[in-house]
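One structure is given here, and the rest of the page talks about it.
Note: hydrogens, waters and symmetry copies are ignored here, and every other heavy atom, side chains too, is used.
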Amino acid sequence: QGYHIAVVGATGAVGQKMLETLAERNFPISELSLLSSSRSAGQQIDFNGKSYTVKEAKPESFEGVDIALFSAGGSVSKALAPEAAKRGAVVVDNTSAFRMDPEVPLVVPEVNEDDLKLHKGIIANPNCSTIQMVAALEPLKEAYGLSRIIVSTYQAVSGAGAVAIDELKDQAQQFLNGEDMDASLLPVKGDKRHFPVAFNALPQIDVFQENGYTYEEMKMINETKKIMHAEDLHVSATCVRLPVFTSHAESVYVELGQSGLTVKEIQEKLAAAEGIVLEDDPSTQTYPTPLSAAGKKEVFVGRVRKDPDHDNGFHLWIVSDNLLKGAAWNSVQIAERLIQHNLLTV
Ligand code: 11C
């Protein structure tokens, strides 16, 4: 048995990874529709040895589609995800358009798979930096309780799309040639000022909100509470863009609900958790890095330390490929679970 799958945003950095992941997972596909905004329509894309023409996504493109994976920007999702759902497709949306809608489950399968049962045609895939953090913290929350998270991120440029990857490459080349670096995209395409990311660190991802936090930081705060079903959880975030192509890294401080825990107990809990790989041995300088995590689907954790002055406090270093677990793999994983649990009807 196979399913009619639509990939919306098939030409983008995440869309490409969605196709690679569908192929790698040998996803049961009977028909594949590759869709995009009008700008990218007409491009040819190969999938499993067959060439497909990317078509402009329109409401009628979703007739007969079983699962639609959206990653073409919030405005495309807002306009077309309800149209796809109306036509009987289950949408897995990788934009922020519906994430905080109380009617829309926001899912990381290792954390809140059961929320899939509540879907009404649209399921939201969380922000990449949120996904890897909640995947690593859920096993600790389940075992010991969790009252506070303070996170600082070290995020890859690919989170801002293929254009940001090109901008970093160009700037690095310019710098090494002794030229001035052109900056016209980062930190945020639509904002007033732009700064080079090459050989730099930008403490702004997405636009500033009235409270002084950026939208990326507020996404980490609000999405974490929704996914973990923990409105009382204290979460604060600082999000920083680095000249790294792939994988977000995060320095995470947590306060657990139990005292007297040891680093070894935390490490054992993480090592046993689904989707988590513990890489933590200071004696051999073992810890994950963006390069070591790139291309892999798991979330890697290292540098587990106990706060010297706070018995319930622990520090962790959490790294994952932002385009895979942070986007394409989490979406495909949701699609696999929908099939597995017979949840393709509303
Ligand atoms: C970044 N986390 O690294 C963003 C990209 O809400 O899905 C993902 C944006 C989102 O810029």
(Q) Taking His248's backbone N and O only, do any of them form a donor-acceptor pair with Gln132's side chain (distance below 3.5 Å, no angle check)? (A) yes
Q.
So which atom in Ala198 and which in Gln171 form the shortest heavy-atom distance, rounded to 0.1 Å?
A. N-OE1, 3.2 Å
Q) Quick check, are the ring centers of Phe199 and Phe175 under 6.0 angstrom apart? A) yes
Q: State which residue, out of Val108, Ile276, Val111, fulfils the side chain to side chain contact (heavy atoms under 4.5 Å, CB included) condition with Glu138.
A: Val111
**Q.** Connected hydrophobic set around Phe300, excluding itself, where side chains approach under 4.5 Å
**A.** Val277
Q | Full working for side-chain contact (heavy atoms from CB on, under 4.5 Å) between Gln333 and Glu110 | A | CA-CA 10 Å; Gln333 200 182 12; Glu110 293 86 345; 3.1 Å; yes
Q) Between Phe70 and Phe62, is the gap from one ring center to the other below 6.0 Å? A) yes
Q) So if you build clusters from Ile, Leu, Val, Met, Phe, Trp, Tyr with side-chain heavy-atom gaps below 4.5 Å, do Ile123 and Phe27 land together? A) yes
(Q) Donor-acceptor pair, distance only, cut-off 3.5 Å: does the side chain of Thr214 make one with the backbone of Glu217? (A) yes
Q: Any chance you could lay out the salt bridge (Lys or Arg N to Asp or Glu O under 4.0 Å) test for Arg87 and Glu63, step after step, and finish with the verdict?
A: CA-CA 6 Å; Arg87 287 167 174 78; Glu63 296 291 351; 3.1 Å; yes
Q: May I ask you to decide whether Lys226 forms a salt bridge with Glu223, counting only side-chain N to carboxylate O separations under 4.0 Å?
A: no
Q: Apply the test salt bridge (Lys or Arg N to Asp or Glu O under 4.0 Å) to residues Asp321 and Lys17: give CA-CA distance (whole Å), side-chain angles for both, the deciding distance (0.1 Å), then the verdict.
A: CA-CA 11 Å; Asp321 187 320; Lys17 291 287 169 192; 5.7 Å; no
Q: Could you tell me which non-hydrogen atom of Asn125 sits nearest to which non-hydrogen atom of Arg99, and how far apart they are?
A: O-NE, 2.8 Å
Q. Which atom pair, heavy atoms only, marks the closest approach of Gln155 to Thr153?
A. OE1-OG1, 2.8 Å
**Q.** Evaluation steps, side-chain contact (heavy atoms from CB on, under 4.5 Å), between Val301 and Trp317
**A.** CA-CA 6 Å; Val301 187; Trp317 173 246; over 6 Å; no
Q.
Determine whether Glu268 and Lys264 satisfy the following criterion, salt bridge (Lys or Arg N to Asp or Glu O under 4.0 Å), listing intermediate values before the conclusion.
A. CA-CA 6 Å; Glu268 283 171 0; Lys264 191 156 179 289; 2.9 Å; yes
Q) Which pair of non-hydrogen atoms, one from Ala136 and one from Val299, has the smallest distance, and what is that distance? A) CB-CG1, 4.3 Å
Identify each donor-acceptor pair in which a side-chain atom of residues 140-149 lies under 3.5 Å from a protein atom, sequence neighbours left out, and give them as a table.
residue : atom : partner : partner atom : Å
Lys141  : NZ   : Met228  : O            : 3.1
Ser147  : OG   : Glu255  : O            : 3.2

Q.
Which heavy atom of Val319 sits nearest to which heavy atom of Ser247, and what is that distance?
A. CG1-CB, 4.2 Å
Q) So, for Leu186 and Glu167, which heavy atoms are closest and what is the spacing to 0.1 Å? A) N-OE1, 3.0 Å
**Q.** CG/Asp180: more than 12 non-hydrogen atoms of other groups inside 6.0 Å
**A.** no
Q.
If we check side-chain hydrogen bond (donor to acceptor under 3.5 Å, both in side chains) with Asp280, which of these qualifies: Arg303, Arg305, Gln267?
A. Gln267
Q | Steps toward side-chain contact (heavy atoms from CB on, under 4.5 Å) verdict (Ile45, Leu19) | A | CA-CA 10 Å; Ile45 290 186; Leu19 292 171; 3.8 Å; yes
(Q) Could you tell me if Asp115 and His229 have a donor-acceptor pair between their side chains, going purely by distance under 3.5 Å? (A) yes
